[in-house]
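Below is one structure, written out as structure tokens; comments come after it.
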Amino acid sequence: GENVEQHPSTLSVQEGDSAVIKCTYSDSASNYFPWYKQELGKRPQLIIDIRSNVGEKKDQRIAVTLNKTAKHFSLHITETQPEDSAVYFCAASYTGTASKLTFGTGTRLQVTL
Amino acid sequence: SAVISQKPSRDICQRGTSLTIQCQVDSQVTMMFWYRQQPGQSLTLIATANQGSEATYESGFVIDKFPISRPNLTFSTLTVSNMSPEDSSIYLCSVGGLPRAIADTQYFGPGTRLTVL
């Protein structure tokens, strides 16, 4: 089955700096890659996703890039703010498996003032 | 997205007992899933809840321990049976195939925090 690795496990940046979180996946058939943000005590919230037919997607300060050949995808957050502090999870799925998500291990992002 | 609710939001249970968690969506959805999130960990898929048929379980999860029902397109239950302290986790339902949304996209319920003593 699919295996998703995520790095780093923790990341501390100063407010205004950029943050990058990287994930690799094992199953070349995977074609959908969402990112979730989970604040303490809250549910995971979808913040951005990308499908295998595109290489990059951007939504304001958040962008995701996908390299299908290398089987890795990354989350980029620019101009970080304290409210960006949370745990971020990447995930991968293949439509043919009823869209079951396999999650990475998570990255705890701390944005300091 | 949709409004997804879970009941109970939290519970403290004695070992050996069972707890049934409910997940309700305010619109019909194609897919419903149940995940477990152990303290400080990532999310692990327990099973896919299939409407009108038996759930599809992931490796390491069995029906006797985690029976699941899905009687219609808006509701599902997960039972955690014969609980032990190792079952202490957050249990989350997720839904996919929302109206006017791309099928792959999944949204999560608020979760049920279970503590087993």
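Within every chain, numbering begins at 1; the chains are lettered A, B, ... in the order of the sequence lines, protein sequences first and strands thereafter.
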Checklist entry - Non-hydrogen atoms of chain A under 4.5 Å away: do they reach the side chain of B/L45, the backbone, both or neither? => result side chain
Checklist entry - Is it true that B/L78 and B/I63 fall in one hydrophobic cluster, defined by side-chain heavy atoms closer than 4.5 Å? => result yes
Next on the checklist: Let me check something: do B/Y35 and B/V29 share a hydrophobic cluster, defined by ILVMFWY side-chain heavy atoms less than 4.5 Å apart, either directly or through other members?
Outcome noted: yes
Checklist entry - Does B/L117 CG have over 12 foreign heavy atoms under 6.0 Å away? => result yes
Item to check | Closest non-hydrogen atom pair between A/K100 and B/F33, with its separation | outcome: CG-CE2, 4.1 Å
Checklist outcome for this item: Residue pairs passing the side-chain hydrogen bond (donor to acceptor under 3.5 Å, both in side chains) test with at least one member in residues 61-83 of chain B, sequence neighbours excluded, are B/T20-B/T79, B/Q24-B/T74, B/W34-B/S76, B/K65-B/D87, B/S69-B/T77, B/N72-B/T74
Item to check | chain A contact via B/Q41 - side chain, backbone, both or neither, heavy atoms under 4.5 Å | outcome: backbone
Next on the checklist: Applying side-chain contact (heavy atoms from CB on, under 4.5 Å) to A/Y36 and B/L43, what does each step give before you reach the verdict?
Outcome noted: CA-CA 11 Å; A/Y36 289 85; B/L43 293 88; over 6 Å; no
Checklist outcome for this item: Taken to the nearest 0.5 Å, the spacing of A/Q38 CD from B/S42 OG works out to 9.0 Å
Checklist outcome for this item: In terms of heavy-atom contacts, A/F89 and B/Q37 come closest through CZ-NE2, 3.7 Å
For residues 102-113 of chain A, which side-chain donor-acceptor pairs fall under 3.5 Å, sequence neighbours excluded?
| from | atom 1 | to | atom 2 | distance (Å) |
| --- | --- | --- | --- | --- |
| A/T107 | OG1 | A/Q6 | NE2 | 3.0 |
| A/T107 | OG1 | A/P8 | O | 2.5 |
| A/T112 | OG1 | A/V13 | O | 3.2 |

Checklist entry - By a 4.5 Å heavy-atom criterion (distance strictly below it), what part of A/P44 contacts chain B: side chain, backbone, both, or neither? => result both
Checklist entry - Same hydrophobic cluster for A/I47 and A/V64, using side-chain heavy-atom links shorter than 4.5 Å among ILVMFWY? => result yes
Item to check | Considering all heavy atoms, the nearest A/Y32-B/T105 contact | outcome: OH-CA, 3.5 Å
Checklist entry - In terms of hydrophobic clusters joined by side-chain contacts under 4.5 Å, are B/I90 and B/I46 together? => result no
Next on the checklist: Minimum heavy-atom separation for A/G41 and B/R113, please, with both atom names.
Outcome noted: CA-NH2, 4.4 Å
